[in-house]
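Just so we're clear, the structure is a prediction, and the values are computed from it rather than from any experiment.
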Amino acid sequence: MNNLRKLTALYRSLRLCGAVLVVWLTVGVAVSAADGDSGHFVDHVFRDAEGDHKYVVFVPAGYTPTKPSPVIFYLHGASGRGRDGRAQLIVGLGPGLKQRAATTPFLAVFPQNENLRSRLLGGWHDDSRELDRGLKILDEVERTYAVNREHRVLVGVSMGAFGVWSLAAKDPTRWKAVIPVSGGGKPDFIPGLAKVPVWAFHAADDTLVPMSSSTDLIDGINAAGGRGFVSIVPTGGHNIGNHVFGQDEVWEWMLHPEKLAVTNIDWPKRPSAASLIDELKFVPGAEVERAILIRVNGDLLESLSYLLPDQVPATALNGARAGTSEHRGQGIMSFQVATHG
């Protein structure tokens, strides 16, 4: 009996040690970069009274809890809305970080706007709950990771850029630099914006948000004694996020916003639709009048893989059919084929 009690006590001790070990390993994954070879994206969940909210953190190569990293807080555009925790990575800052995963020192925070009913460009500043939750996620990241709180960069594209203009105006001292892409704001934002360096980007042929939405604010910031810069992309329409964050000059300025921004960027020519078709090397099996070509990249498919399980009821994937049995062949070569439901 005594031996049994000793074994039971030992078992419980081992279980306790195992639980502690699991917790330690979990925390280690949350705050340390894997192998240090390259930066990578880490999935997280923020929990509040409304439930679970997925977000992503980019952890730079060589990250260590003993050395605080500069941080980018990113507000995505309207196409990134949802609850899948991945759509906010597809355009804008996400692809730029992937290109520089082995070299960038930035840690980046990607909250996701869950309001699918907001105005196309108003999702971050029309609904205060979304932006409030995003800032709480940033606070959580700064408690979990080693973050340089003196070097926060606020970045947003399209709907996110409208949120960036608004947030920077309300709380300019929190940010070391601000980058809005294809956005706009109100003239009464200018006094706040004059307290933080701002570099805005806009395409000359943006038909959704006029170029003056950025240039007027930058002119106002400079007239008020602030440091505002603007770069005009010759072509690209409204969706120039990937183009902007593919430029080395932008990343260099985010690291050193005390310097003058190199606004006269030699923008690479954007690929034409014809070149994309040639790149795909697609040989059609039939010609369909008025057909369109849709190019789907791996990031979109990955996002759908996270989104679909939440959208498709489990019952839709259930079902059964009756088994069958069939006799085939003749003589010694005969055999029975059976299927089971």
Only counting residues at least two apart or in another chain, list the ones meeting side chain to side chain donor-acceptor pair (under 3.5 Å) with Gln247. none

Ignoring hydrogens and angles, tell me if any N or O in the side chain of Trp253 forms a donor-acceptor pair with the backbone of Lys259 under 3.5 Å. yes

Strictly distance-based, threshold 3.5 Å: is any side-chain N or O of Gln112 a donor or acceptor partner for the main-chain N or O of Gly80? yes

Taking only residues two or more places apart in sequence, or in another chain, which ones meet Asp248 in a side chain to side chain contact (heavy atoms under 4.5 Å, CB included)? Arg100

Is there a chain of hydrophobic side chains (I, L, V, M, F, W, Y, each step under 4.5 Å between heavy atoms) that links Met211 to Ile190? yes

Minimum heavy-atom distance Leu193-Ala168, with the two atoms named: CD2-CB, 3.7 Å

Quick check on the hydrophobic clustering: are Val262 and Leu255 connected, directly or via other members, by side-chain heavy-atom contacts under 4.5 Å? no

side-chain contact (heavy atoms from CB on, under 4.5 Å) between Asn113 and Met159, intermediate numbers included: CA-CA 10 Å; Asn113 191 300; Met159 180 184 84; 4.2 Å; yes

Side-chain donor-acceptor contacts of residues 171-189 below 3.5 Å, not counting sequence neighbours, with atom names and distances?
residue : atom : partner : partner atom : Å
Arg174  : NH2  : Asp139  : OD1          : 2.8
Trp175  : NE1  : Asp171  : O            : 3.2
Ser182  : OG   : His238  : O            : 2.9

When every non-hydrogen atom of Leu116 is compared with those of Gly82, the smallest separation belongs to CD2-N, 3.8 Å

Set of side chain to side chain donor-acceptor pair (under 3.5 Å) partners for Thr104, sequence neighbours left out: none

Closer than 3.5 angstrom, by distance alone: can the side chain of Arg133 be matched with the main-chain N or O of Glu130 as a donor-acceptor pair? no

Which heavy atom of Ile232 sits nearest to which heavy atom of Ala203, and what is that distance? CG2-C, 4.5 Å

Using side-chain contact (heavy atoms from CB on, under 4.5 Å), reason through Val42 and Tyr145 one step at a time and then give a plain yes or no. CA-CA 12 Å; Val42 181; Tyr145 292 85; 4.2 Å; yes

In Å, rounded to the nearest 0.5 Å, how long is the span from CG of Leu93 to NE2 of His76? 12.0 Å

Linking Ile, Leu, Val, Met, Phe, Trp and Tyr by side-chain heavy atoms under 4.5 Å, what else ends up with Phe162? Leu120, Leu121, Leu208, Val209

Hey, do the aromatic rings of Tyr55 and Phe110 have their centres closer than 6.0 Å? no

Check Ala61 against Ala102 and note the closest heavy-atom contact, atom names and distance. CB-O, 4.0 Å

Taken to the nearest 0.5 Å, the spacing of Phe73 CZ from Leu75 CG works out to 5.0 Å

Could you tell me whether Asp52 and Arg83 make a salt bridge, using a distance below 4.0 angstrom between a side-chain N and a carboxylate O? no

Please round to the nearest 0.5 Å and tell me the distance separating atom CH2 of Trp251 and atom CD of Gln99. 9.0 Å

Measuring from atom CH2 of Trp165 to atom CG of Leu217, what distance do you get when rounded to the nearest 0.5 angstrom? 4.5 Å

In short, side chain to side chain donor-acceptor pair (under 3.5 Å) pairs touching residues 213-230 with sequence neighbours left out are His202-Ser214

Please tell me whether Val57 and Phe46 are part of a single hydrophobic cluster in this structure, the criterion being side-chain heavy atoms less than 4.5 Å apart. yes

Find out whether Arg86 and Asp43 are in side-chain contact, i.e. whether some heavy atom of one side chain is under 4.5 Å from a heavy atom of the other. yes

Quick check: does any side chain N or O of Tyr74 sit under 3.5 Å from a backbone N or O of Leu89, one acting as donor and the other as acceptor? no

Inter-residue atom distance Leu131.CG - Asn115.CG, 0.5 Å rounding: 12.5 Å

For Phe245, all residues meeting ring pair (Phe, Tyr, Trp, His ring centres under 6.0 Å), sequence neighbours excluded: none

Should we count CD of Glu150 as having more than 12 external heavy atoms under 6.0 Å? no

Do you know the tightest heavy-atom contact between Trp267 and Pro234? CD1-CD, 3.6 Å

Could you list the residues that satisfy side chain to side chain donor-acceptor pair (under 3.5 Å) with Ser69, not counting sequence neighbours? none

Check the pair Val141, Leu107 against side-chain contact (heavy atoms from CB on, under 4.5 Å), reporting the backbone distance first and the verdict last. CA-CA 10 Å; Val141 170; Leu107 186 145; 3.8 Å; yes

Is Val155 linked to Phe41 within one hydrophobic cluster, defined over Ile, Leu, Val, Met, Phe, Trp and Tyr using a side-chain heavy-atom separation of less than 4.5 Å? yes

Would you check if Phe58 and Ile72 make a side-chain contact, meaning some heavy-atom pair closer than 4.5 Å? no

Give a yes or no on whether Leu138 and Val45 share a hydrophobic cluster (residues Ile, Leu, Val, Met, Phe, Trp, Tyr; joining criterion: side-chain heavy atoms under 4.5 Å apart). no

Testing the basics here: between Trp124 and Gly160, what is the closest heavy-atom pair and its distance to 0.1 Å? CD1-CA, 3.5 Å

Taking everything shown except Arg119 itself, do over 12 heavy atoms lie less than 6.0 Å from its CZ? yes

The criterion is side chain to side chain donor-acceptor pair (under 3.5 Å); which residues satisfy it with Arg143, sequence neighbours excluded? none

Got a sec, which residues hit ring pair (Phe, Tyr, Trp, His ring centres under 6.0 Å) with Phe106, two or more places apart in sequence or on another chain? His151

Any residue meeting ring pair (Phe, Tyr, Trp, His ring centres under 6.0 Å) with His53, in chain and number order, not counting sequence neighbours: none

Considering only residues two or more places apart or on different chains, which pairs with a residue in residues 198-212 satisfy salt bridge (charged side-chain N to carboxylate O under 4.0 Å, His left out)? none

